[in-house]
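Shown next, in structure tokens, is the structure this report addresses.
The structure displayed is predicted, hence computed values, not measured ones. Heads up: numbering here begins at 1 and tracks the sequence.
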Amino acid sequence: MGVIDRFAEFIDWYPKGMSKEERHLVFKIDWLVLSFSCIAFFTKNLDVSALTNAYYAGMGEELHLVGNQLQFATSMYYVGYAIFQIPSNIVLTRLPAEYYLPAFEVMWGLFTLGTAFIKSYKQLLVMRFFVGFTATACWVGNAHIVNSWYTRQELGKRNAIYGCVYPLGAMFAGYLQAAAYNHLDGVHGMAGWRWLFIICTIITIPCAAIGVFFCPNVPDRCHSRYLTEREKQLAVERLLKDGFAKTRGIGRSLFKRIFGDWRIYVFFVVGNLYWMTPYPSGLPYGLWLDDQKLPNGNDKYSPSMVNNLSTITYAATIVSTMVCGFYSDWRKNRWETMLYGGILILVCNVILLVWNVPDGAKFFAFIGLGLANGPTNLIVPWLAEFMSHDLEARSASIAIVNVGWVVINCVVPIIAWPVPAAPRFLGGYIWSVVMSVVEIVLLPLPMLLERRELKRGINYAKMIAEENGIVTAGLEEKTKDIDDQSLNETGQPKDEKAIEVNATAV
């Protein structure tokens with residue numbers, strides 16, 4: 001075994017005992033799946049982040065945006081983004097992903113380009129709607145692809161890499177904004193913020209071609225030229241052994257398979273609470289920085305300084321995301337890591353609710369919420385593990401949960417975080433504190449409900465293995481004492497064995 005292989009095993013990139021053949025396959029899967037998924041998500045985040053960065057760089061003044069118009073423009077993006085998500089992810093299970101996803105990337109790039117030439121607030125709303133509508137296939141589509149290739153002991157790390165793309169895209173967009181503001185403002189008679197959208201388009205459209213060559217679709221429908229037939233077969237077999245079922249088709253039963261299962265309702269609530277409670281690390285943080293004044297009345301932070309200070313929260317998110325992904329795979333559960341993040345979210349939101357604290361405490365709270373964004377990337381792999389028995393229902397469920405976030409993200413910022421209330425946002429911080437408490441209370445619910453299923457003899461992993469002629473002795477041994485090991489008498493999960501449900505019984 002070489003030095004690289006030893007290091008990969010040490011950090012648990014390849015679980016101990018994995019054969020050389022499977023390691024080689026996983027290495028290929030990493031390059032194929034993560035390359036296009038991360039690049040597509042990166043370019044999408046460039047285009048999405050461009051709006052806020054353009055606002056700080058002069059778009060608000062040039063288009064005469066007042067009141068909540070920035071939030072309305074952001075919400076218009078999410079309206080378009082929400083409309084097509086669920087149908088898109090269902091269609092994606094039937095169409096070639098290697099053509100479907102890149103085609104939408106080209107379209108949202110063109111609408112991003114159109115944003116560079118708008119003249120009014122109404123035109124901004126139209127462009128943001130169509131950027132959102134065409135970008136709808138990106139995050140949920142690639143999340144479906146990423147979570148269709150890996151076993152439970154691999155999902156946390158790979159989703160961490162995919163999740164890091166969001167803050168990286170936001171950071172890079174900030175640097176693009178600063179460069180456009182400092183070097184391109186006024187070139188050919190165009191403001192720097194307009195150049196930002198043009199540069200984003202120049203990056204986005206060529207990246208779409210990568211998907212045509214590298215996106216491998218899902219194991220059951222893989223036609224990648226880079227995998228041999230034996231490797232494609234092995235990719236399917238290793239997932240079946242881990243309780244991930246083959247495609248079952250769409251059909252009339254799909255609606256019942258999704259909405260007749262408690263999983264979609266529980267993860268819809270738990271996931272969206274967890275995604276929204278770190279919200280102050282974004283726009284409220286930027287508006288607080290923008291509001292800071294020197295004694296002479298001048299801005300305390302220039303646009304480039306605001307960008308650099310905002311970058312700290314993104315850097316904290318990146319570090320946290322990677323640590324949480326690796327830690328949750330090592331612990332073989334998602335719940336424990338998410339609990340730690342939930343407690344940090346609550347503490348930081350309480351500090352901001354109190355508000356009359358030193359600026360250092362505010363910086364701690366805002367950056368702490370950025371750090372707490374790391375565990376939020378475990379929601380999708382956690383859902384994927386609980387929905388491992390149904391590929392199509394899993395794909396649709398990821399989209400449904402994300403649509404919930406989109407709708408909440410359209411409504412809550414306007415009601416709880418209106419720009420005229422900046423930087424205090426009293427209502428917003430009250431909402432965040434209350435929801436942080438609810439989120440912590442609800443975290444054990446998936447394990448409690450799954451424990452009830454196991455008592456009733458429902459073990460999807462075992463059923464999938466038996467349907468495909470796979471030896472189930474290991475599965476039986478792992479789950480024979482699950483009732484005693486998963487939860488203690490108070491109903492709270494034990495530390496290490498509590499979540500073995502997720503790793504064995506979905």
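- The aromatic rings of F255 and F259 are tilted relative to each other, their planes meeting at an angle between 30° and 60°.
- In this structure, R334 contributes its side chain and G325 its backbone to no donor-acceptor pair below 3.5 Å.
- Between the side chain of N89 and the backbone N or O of S395, at least one donor-acceptor pair lies under 3.5 Å.
- Judged by a 6.0 Å distance limit and a 45° cone about the ring axis, R238 is not positioned over the six-membered ring of W149.
- Ring to ring, F214 and Y226 are close: their centroids are under 6.0 angstrom apart.
- Ion pair K44/E105 not flagged as a salt bridge, since none of the NZ, NE, NH1 or NH2 atoms sits closer than 4.0 Å to an Asp/Glu carboxylate oxygen.
- No side-chain N or O of Y100 forms a donor-acceptor pair with one of N217 less than 3.5 Å apart.
- In this structure, a donor-acceptor pair under 3.5 Å is present between the side chains of S388 and R152.
- Ring geometry for W405 versus Y78: interplanar angle over 60°, hence perpendicular rather than tilted (30 to 60°).
- A centroid separation of 6.0 Å or more is found between the aromatic rings of W288 and Y301.
- Distance alone, capped at 3.5 Å, is enough to place a donor-acceptor pair between the N272 side chain and the V401 backbone.
- Taking all atoms of both residues into account, the shortest heavy-atom contact from G109 to T204 is CA-CG2, 4.0 Å.
- Atom OH of Y99 is surrounded by 12 or fewer heavy atoms from other residues, nucleotides or ligands within 6.0 Å.
- With hydrogens and angles left out, the side-chain atoms of D220 and T247 include no donor and acceptor closer than 3.5 Å.
- With hydrogens and angles disregarded, no donor-acceptor distance shorter than 3.5 Å links the side chain of N373 to the backbone of T317.
- The two atoms that bring H144 and I398 nearest to each other are CA-CD1, 4.3 Å, heavy atoms only.
- With contacts defined as side-chain heavy-atom distances shorter than 4.5 Å, the pair F244/Y460 does not qualify.
- Ring pair Y166/Y314 is perpendicular by interplanar angle, where above 60° counts as perpendicular and below 30° as parallel.
- Side-chain polar atoms of W139 and N402 form no donor-acceptor pair below 3.5 angstrom.
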